[in-house]
Amino acid sequence: MNLDLTPEHELLRRTVRAFAEERVAPVAEELDRDHRFPYDLVAELGELGLMGMTIPEEYGGAGTDTVSYAIAVEELTRIDSSVAITVAAHHSLGTLPIFYFGNEEQKREWLPQLASGERLAAFGLTEPDAGSDAGATRTRAELRDGEWVVNGAKMFITNAGTDISACVTITALTGDGEISNIIVPNGTPGYEISPPMEKLGWRASDTRELSFKDVAVPERNLLGPRGEGFRQFLTILDGGRISVAAMGVGLAQGAYDLAYAYARERRQFGKPIAQFQAVQFALADMATEIEAGRNLVYRAAWLKDQGRPFALEAAMAKLYTGELSHRAANAALQIHGGYGFMDESPISRLYRDQKILEIGEGTNEVQRMVIARHLGL
Ligand SMILES: Cc1cc2nc3c(=O)[nH]c(=O)nc-3n(C[C@H](O)[C@H](O)[C@H](O)COP(=O)(O)OP(=O)(O)OC[C@H]3O[C@@H](n4cnc5c(N)ncnc54)[C@H](O)[C@@H]3O)c2cc1C
């Protein structure tokens with residue numbers, strides 16, 4: 001058994017960490033305050049090969065393994081969640097469905113522009129009345145004269161409405177109880193995108209409501225076999241959970257790093273607060289739990305890379321790191337005292353950005369349901 005990361009993994013971590021610290025950290029607060037999508041950073045991430053990491057090189061990606069991808073998402077989230085979710089949603093939700101289930105023509109059409117980060121893709125599963133119960137989709141697609149005609153609505157969709165968004169893959173009913181995935185290009189008549197939604201966190205990331213009124217797309221935009229949409233989105237969510245779990249570790253690590261530095265610098269009662277045992281114990285607990293969470297995430301990613309079943313481990317990693325990041329953000333802000341409550345303090349942004357990690361890609365309750373099912377309950 002060897003628990004060491006490879007030299008390539010370590011190099012990747014150093015590269016992404018340097019990018020996050022040098023390029024993202026200086027603008028993160030401003031982007032968050034202005035609710036401004038990070039176009040320039042996305043372009044730079046594309047140049048670094050971080051927008052299509054696990055997509056093979058023949059389709060314009062970087063051809064890395066999932067462990068590398070988890071490390072990159074972790075390092076970005078350590079500094080800023082809006083940038084990290086932009087990368088993670090684009091890769092795992094927007095691009096991978098086309099890579100996994102697309103035919104050769106669809107892959108050649110979409111993947112190079114997506115894997116390079118030149119354009120973004122979204123995945124539209126959630127609807128106003130289909131959240132945790134994602135199979136309850138009401139959006140319909142009818143085949144008429146060689147075209148799918150789509151009617152319905154999607155809710156909270158990441159990356160759907162930026163200036164560089166290319167398409168959204170949606171789940172739609174194509175028959176009674178039959179769900180299929182269909183690619184809808186941006187700009188198709190009848191496909192309406194709401195203004196950006198106002199959010200507690202992830203304020204620089206793009207979140208939209210989508211509506212489809214008699215939206216006609218070519219029959220060939222069906223992704224994979226008709227009726228396979230339910231199975232496909234479960235596969236997508238299993239992998240996506242590794243991304244969000246990596247975000248949980250990254251956010252917890254970022255919160256820890258801020259609290260650690262602050263505790264050594266802030267003096268009360270004549271000494272740095274890091275010398276008080278209560279503060280030391282809070283940091284010791286965070287460091288321990290982060291180590292546990294990181295191991296869960298890397299193991300789930302490693303299993304995926306081995307081509308072995310990983311759905312249970314991904315759900316466990318997502319659940320544990322969601323709750324870990326909650327505890328870590330809370331404890332880290334506590335160590336900052338009143339200064340942590342101020343907008344100018346990065347920990348306040350991490351605190352706000354944390355909550356969605358317990359909701360997106362399946363709530364904590366949904367993860368427990370998935371885990372229980374795998375346990376045979
Ligand atoms: C910022 C943001 C970005 C997002 N990006 C995307 C995206 O790109 N694509 C996409 O498709 N979706 C996206 N989502 C949607 C996200 O995945 C859903 O919000 C999530 O799955 C929960 O669905 P819901 O919000 O409808 O909550 P609900 O399903 O209504 O849940 C409400 C509460 O009830 C609980 N609950 C529900 N059912 C059960 C049950 N059977 N047992 C116990 N408790 C239960 C839930 O755990 C939760 O606490 C995004 C959401 C947000 C907020």
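- Taking the charged nitrogens against the carboxylate oxygens, Arg119 and Glu109 have no contact shorter than 4.0 Å, which rules out a salt bridge.
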| field | Worked check of side-chain hydrogen bond (donor to acceptor under 3.5 Å, both in side chains) between Ser211 and Glu192 | value | CA-CA 5 Å; Ser211 88; Glu192 303 273 332; 5.7 Å; no

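- Looking at Arg349 and Asp80, a side-chain N of the basic residue comes within less than 4.0 Å of a carboxylate O on the acidic one, giving a salt bridge.
- Of the possible polar contacts, one joining the Gln106 side chain to the Leu222 backbone as a donor-acceptor pair under 3.5 Å is found.
- Remark: side-chain polar atoms of Asp305 are paired, donor with acceptor, to backbone N or O of Val67 under 3.5 angstrom.
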| field | Trace of the side chain to side chain contact (heavy atoms under 4.5 Å, CB included) decision for Asp65 with Trp302 | value | CA-CA 8 Å; Asp65 59 10; Trp302 176 83; over 6 Å; no

| task | Please report the C-alpha distance between Arg203 and Glu29 in whole Å, then the side-chain angles of each, then the deciding distance to 0.1 Å, and finally whether the salt bridge (Lys or Arg N to Asp or Glu O under 4.0 Å) criterion is met. | result | CA-CA 10 Å; Arg203 288 185 169 168; Glu29 197 249 320; over 6 Å; no

| task | Could you walk me through whether Gln334 and Asn330 pass side-chain hydrogen bond (donor to acceptor under 3.5 Å, both in side chains), step by step? | result | CA-CA 6 Å; Gln334 189 70 18; Asn330 188 43; 6.0 Å; no

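- With Asp206 contributing its side chain and Gly161 its backbone, the two residues share a donor-acceptor pair below 3.5 Å.
- With a 6.0 Å radius and a threshold of 12 heavy atoms from other residues, nucleotides or ligands, Asp40 has its CG atom at or below the threshold.
- Crowding of Arg231 atom CZ: a count of heavy atoms from other residues, nucleotides or ligands under 6.0 Å exceeding 12.
- Heavy atoms from other residues, nucleotides or ligands lying under 6.0 Å from CZ of Phe281 number 12 at most.
- Looking at Thr66 and Phe310, their side chains never come closer than 4.5 Å, going by heavy atoms from C-beta outward.
- Residue Ile356 holds its CD1 atom at 10.5 Å from OG of Ser81, rounded to the nearest 0.5 Å.
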| query | After noting the C-alpha distance and the side-chain angles of Thr64 and Leu12, does the key distance pass the side chain to side chain contact (heavy atoms under 4.5 Å, CB included) rule? | reply | CA-CA 10 Å; Thr64 72; Leu12 175 87; 5.8 Å; no

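- Met286 and Tyr320 fall within a single hydrophobic cluster, where Ile, Leu, Val, Met, Phe, Trp and Tyr side chains are chained together by heavy-atom contacts under 4.5 Å.
- Val184 places none of its side-chain heavy atoms less than 4.5 Å from the side chain of Asn221.
- Using a 4.5 Å heavy-atom threshold, the side chains of Ser68 and Glu8 count as separate.
- Side chains of Leu125 and Leu237 form a contact here, defined as non-hydrogen atoms less than 4.5 Å apart.
- At least one donor-acceptor pair closer than 3.5 Å links the side chain of Lys154 to the backbone N or O of Thr171.
- Criterion: ILVMFWY side-chain heavy atoms under 4.5 Å apart, direct or through other members. Under it, Leu324 and Leu333 are part of a common hydrophobic cluster.
- Within a 6.0 Å radius of CD in Glu30, more than 12 heavy atoms belonging to other residues, nucleotides or ligands are found.
- When hydrophobic clusters are built by joining Ile, Leu, Val, Met, Phe, Trp and Tyr residues whose side-chain heavy atoms come closer than 4.5 Å, directly or via intermediates, Leu31 is grouped together with Leu120.
- Taking the side chain as every heavy atom from C-beta outward, Trp148 and Thr174 approach each other to under 4.5 Å.
- Residue Val24 is grouped with residue Leu251 when hydrophobic side chains (ILVMFWY) are merged at heavy-atom distances under 4.5 angstrom, including chains of intermediate members.
- Here the side chain of Glu47 pairs no donor or acceptor atom with the backbone of Ser116 at under 3.5 angstrom.
- Separation of atoms CG (Leu357) and OG (Ser325) is listed at 4.5 Å; rounding is to 0.5 Å.
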| task | Decide yes or no on side-chain hydrogen bond (donor to acceptor under 3.5 Å, both in side chains) for Tyr298 and Glu74, but give the supporting numbers first. | result | CA-CA 11 Å; Tyr298 290 178; Glu74 175 190 335; 2.6 Å; yes

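- Between the side chain of Tyr339 and the backbone N or O of Tyr262 there is no donor-acceptor pair closer than 3.5 Å.
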| said: Would Leu223 and Ile182 count as a side chain to side chain contact (heavy atoms under 4.5 Å, CB included) here? Give the steps. | reply: CA-CA 6 Å; Leu223 203 55; Ile182 294 174; over 6 Å; no

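- A continuous path of hydrophobic side-chain contacts links Val27 to Phe19 [ILVMFWY only; heavy atoms under 4.5 Å].
- Taking the charged nitrogens against the carboxylate oxygens, Lys318 and Glu361 have no contact shorter than 4.0 Å, which rules out a salt bridge.
- Side-chain atoms of Leu5 and Ile71, non-hydrogen and from C-beta on, do get closer than 4.5 Å to each other.
- No donor-acceptor pair under 3.5 Å is formed between the side chain of His90 and the backbone N or O of Val87.
- The closest donor-acceptor contact from the side chain of Thr321 to the backbone of Ala245 lies under 3.5 Å.
- Between the side chains of Ser92 and Tyr69, a donor-acceptor pair is found at a separation under 3.5 Å.
- Two residues are said to be in side-chain contact when any heavy atoms from C-beta on lie closer than 4.5 Å; Tyr59 and Arg108 meet this criterion.
- Taking the side chain as every heavy atom from C-beta outward, Tyr191 and Val150 never approach each other to under 4.5 Å.
- A salt bridge links Glu178 with Arg226: the closest approach of a Lys/Arg side-chain nitrogen to an acidic carboxylate oxygen falls below 4.0 angstrom.
- In this structure, Phe276 and Phe269 have perpendicular ring planes: the angle between them is above 60°, well past the 30° mark.
- Considering CD1 of Ile371 and CD of Glu313, their distance stands at 10.0 Å, rounded to 0.5 Å.
- One finds a salt bridge joining Glu21 and Arg78 here, because a Lys/Arg side-chain nitrogen approaches an Asp/Glu carboxylate oxygen to under 4.0 Å.
- Heavy-atom contacts from other residues, nucleotides or ligands closer than 6.0 Å to CG of Asp343 number 12 or fewer.
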| task | Report the C-alpha distance between Asp285 and Thr288 in whole Å, list the side-chain angles of each, state the deciding distance to 0.1 Å, and finish with yes or no for side-chain hydrogen bond (donor to acceptor under 3.5 Å, both in side chains). | result | CA-CA 5 Å; Asp285 284 349; Thr288 306; 5.4 Å; no

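- Looking at Arg14, Arg13, Arg294 one by one, the single match for salt bridge (charged side-chain N to carboxylate O under 4.0 Å, His left out) with Glu75 turns out to be Arg13.
- Going from atom CG of Leu114 over to atom CG of Leu96 covers 10.5 Å, rounded to the nearest 0.5 Å.
- Considering every non-hydrogen atom in both Gln367 and Leu319, the closest pair reads CB-CB, 3.8 Å.
- In this structure, OG in Ser348 is found 9.0 Å from NE2 in His336, a value given to the nearest 0.5 Å.
- Salt-bridge annotation for Glu44 and Arg23: present, with a side-chain N of the basic residue lying under 4.0 Å from a carboxylate O of the acidic one.
- A salt bridge links Asp32 with Arg352: the distance from a Lys NZ or Arg NE/NH1/NH2 to an Asp or Glu carboxylate oxygen falls below 4.0 Å.
- Using modelled atom types and a 3.5 Å distance limit, the side chains of Thr139 and Glu127 yield a donor-acceptor pair.
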| task | Check step by step if side chain to side chain contact (heavy atoms under 4.5 Å, CB included) holds for Thr158 and Leu93. | result | CA-CA 9 Å; Thr158 306; Leu93 300 180; 5.7 Å; no

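- One finds the CG atom of Leu173 at 10.5 Å from the CZ atom of Arg138 (value rounded to the nearest 0.5 Å).
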